[in-house]
Number of protein chains: 2
Amino acid sequence: MAASTLAEVARLAGVSPATASRVLNGSARTPGPEIAERVKEAARSLGYIPNAQAQGLARSSSGLIGLVVHDIADPYFSTIARGVQSAAREHQKMVLLATTSGTPADEQAAVGAFAARRADSIVIVGSRSTRPQDAKDNQELAAELDRYCSNGGKVGIVGHPVVGASADGYHVVPVPNEELATELARALAAEHTAKFVIIAGPDGLLTSDDRIRGFQRGLLAAGLPEAEVIHTGFDRAGGYQAGLEIAGRIKSSQDPASNQPAACLFAVNDVMAIGAVAALREQGLSIPRDAAIAGFDDIETLRDFRPALTTVSLPLEDIGRLATLGSLGWSETDNAMPVTGVVTLRRSTETVPT
Amino acid sequence: MAASTLAEVARLAGVSPATASRVLNGSARTPGPEIAERVKEAARSLGYIPNAQAQGLARSSSGLIGLVVHDIADPYFSTIARGVQSAAREHQKMVLLATTSGTPADEQAAVGAFAARRADSIVIVGSRSTRPQDAKDNQELAAELDRYCSNGGKVGIVGHPVVGASADGYHVVPVPNEELATELARALAAEHTAKFVIIAGPDGLLTSDDRIRGFQRGLLAAGLPEAEVIHTGFDRAGGYQAGLEIAGRIKSSQDPASNQPAACLFAVNDVMAIGAVAALREQGLSIPRDAAIAGFDDIETLRDFRPALTTVSLPLEDIGRLATLGSLGWSETDNAMPVTGVVTLRRSTETVPT
DNA sequence: CTGTTAGCGCATTCAC
DNA sequence: GTGAATGCGCTAACAG
């Protein structure tokens, strides 16, 4: 048995569908003070639930927000998703979730699906890529987004605009990755003399590249040489792998007499940093005695790690909110408060181990 | 400018809307080998995107799966969500996300919204509550779900069935919380003589209660007395608070000469355990020297913690998948493989600290 | 203030 | 194999 319809409710209440519609939904003014009650009663007794599909079709607006992330199980994304969710809720919208593993092709498919569902807006999170092999897919993604926008859709983006996208309707929430990485480098350079090594994501991942660039800049500003960059996966596994390699080097060249860390590591995100720490420890090294290490993001779940991880705190939930509000055209009020982060020095980069 | 419609495509291709529909979607057989190409071309040149709302209305099936979680930023839920997402994807469905903070009233609202959107199925995750103050809301939630089911909806539930729900169409994925907690208790009892304390969620949270019950049973089976139970929040903050209290007790009654942990703690989930550990450490206590502690769930992000946390590994992603497949009526094949977990002893409960 | 008439965009009976 | 109607459930102009 299918759900009951507005028509049925109207008939039972002895009114026209239009009237029923008016009282059951937010029309200009609720009609007849007494007729209204009759309709409501009818709806209740029938267990009437408005068909959002039909509503959407009729008023051409779905009340849906599409959210595109690389991996919802990654704490970075899930925290942002929480922000998106809360903003959506405040605006009486539901969020449609799509995960893409970060591949532009999947992102394009997701955007297409959202467009098909006539999502009111789309929020895209996750680093853009400029790798050559992604060029074509990026272009198609951009085309898909442009088409969505030209059909009246709005999109909010965290970080960088989608490569090649040009149409109107984009609202990007800038994240000062580069600047913050510079600050972090400066802070570390002030206390560390060891060789700096950056554990980065694949070359061409914009977020990773930004953080690398900023960090190098900070080092230079402090009069230090550029850090070596190890490119690996942008996840824990990548950090772990890099950690193994670094551990090998440290062990084969460590000065036993030295009481200083042999290296100062900067992993471009916390999850990678944790992976690296795991590898270093497995190889018998100690943090921060043998190597100092810093991350980026300040993932909540990771704050209880010991040694506590030096990192750059980012207001992830707010970022999700801002991107969502922006995609909804509500940015004016919040635009005055741009996203900012703060360098958070903790135990993992202390120079005087207990 | 609105998106182009099927009718426009048909006109441009010089065919009827019906024909266009047949070729652009999976009708029985694609018509005219040559006419088909013409339609496709027309669609492409117009940037046609089928209106899923209209499709859904016409064929009354939305291709949507509703997912209800307490908090998408909680790693427990986000990992399950990943499983839901992947299963949904395999079945060409999109997932609608709703977060509820675990309150039955919000869950009811979410189910209502999903029903309005005519979601093909709904997946509910997160511990049920039997607390008296939730009784009324639980009943309304059950009614909402029953209504949804009687309208042809299917629902998949992780853990316990919703209190009071009776209609057909439910598929619950049982999680052997009690049995696994018993196993855990047995394993710990074999090596620990210290006083056992359970750090639990609010009284009436079914998942928490199950784990408590199972743990107590294991203790009894091992000939040990029942553990004391501290009820607190089902999250990190709760664990932290309980940790503070326990630390106070330990410090005021510790036998300095003893080399054994003063207590063996069981937090009913990993996140609480981590909170407790943080508190204990802040109070100057060491794990597992001063207190042993175990968690439950084996959250991936937490596996790199040191000391490594003894816990019960749960296949969270699979659980999400199973609940989803079940809600889609695809359970026959997978039903043969029930959810199971495994007690994972790690450093946090070792008896011989280095 | 209420009822009538049209679509919203598409899938699907039917005839041809 | 293809085209012409009809309806999915609802909203929004209209008219009354």
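Hydrogens, waters and symmetry mates are skipped; everything else that's a heavy atom, side chains included, is used. The chains referred to below are lettered A, B, ... by the order of the sequence lines, with proteins before strands, and numbering in each begins at 1.
- Atom pair B:Glu8:CD and C:dC8:P shows a separation of 10 Å (rounding to whole Å applied).
- Rounded to 10 degrees, the angle separating the terminal helix axes of the helix from C:dC1-D:dG16 to C:dC16-D:dG1, each built from five base pairs, is 40°.
- Following rounding to the nearest Å, B:Arg38 (CZ) and D:dG1 (P) show an atom-to-atom distance of 16 Å.
- Side-chain atoms of B:Thr130 and B:His160, non-hydrogen and from C-beta on, never get closer than 4.5 Å to each other.
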Can A:Met94 and A:Ile65 be said to form a side-chain contact (heavy atoms from CB on, under 4.5 Å), step by step? CA-CA 6 Å; A:Met94 302 218 66; A:Ile65 293 182; over 6 Å; no
Show the numbers, then the answer: is there a side-chain contact (heavy atoms from CB on, under 4.5 Å) between B:Leu97 and B:Val69? CA-CA 8 Å; B:Leu97 183 62; B:Val69 298; 4.3 Å; yes
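- Within 4.0 Å (heavy atoms only), A:Thr5 reaches sugar-phosphate atoms of the nucleic acid but no base atom.
- The CG atom of A:Asn51 sits 14 Å away from the C1' atom of C:dG9 (whole-angstrom rounding).
- A salt bridge links A:Arg147 with A:Glu144: at least one charged nitrogen is closer than 4.0 Å to a carboxylate oxygen.
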Going through the checks in order, is the salt bridge (Lys or Arg N to Asp or Glu O under 4.0 Å) test met by A:Lys136 and A:Glu140? CA-CA 6 Å; A:Lys136 182 168 170 254; A:Glu140 291 180 5; 3.8 Å; yes
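- Considering only heavy atoms from C-beta on, A:Glu37 comes within 4.5 Å of A:Lys40 through its side chain.
- One finds a side-chain N or O of B:Thr19 lying less than 4.0 angstrom from the OP1 or OP2 phosphate oxygen of D:dG3.
- In this entry the distance linking CZ of B:Arg117 with P of D:dG9 reads 17 Å, nearest Å.
- What separates CD of B:Gln53 from C1' of C:dC8 is a distance of 10 Å, to the nearest Å.
- Atom pair B:Arg118:CZ and C:dA11:P shows a separation of 19 Å (rounding to whole Å applied).
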Atom pairs, protein N/O to nucleotides 11-14 of chain D N/O, distance under 3.5 Å:
from	atom 1	to	atom 2	distance (Å)
D:dT11	OP1	A:Asn25	ND2	2.7
D:dT11	OP1	A:Gln55	OE1	3.1
D:dT11	OP1	A:Arg59	NH2	3.4
D:dT11	OP2	A:Ser21	OG	2.6
D:dT11	OP2	A:Asn25	ND2	3.0

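- Rounded to an integer number of Å, the gap from CG of A:Leu57 to P of C:dC10 is 9 Å.
- In summary, A:Arg11 and A:Glu8 do not engage in a salt bridge, as defined by a charged side-chain N under 4.0 Å from a carboxylate O.
- A:Gln108 has its side chain out of reach of A:Thr100: every pair of non-hydrogen atoms, C-beta onward, lies at least 4.5 Å apart.
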Derivation and outcome, side-chain hydrogen bond (donor to acceptor under 3.5 Å, both in side chains), residues A:Arg321 and A:Ser86: CA-CA 7 Å; A:Arg321 290 184 53 82; A:Ser86 81; 2.8 Å; yes
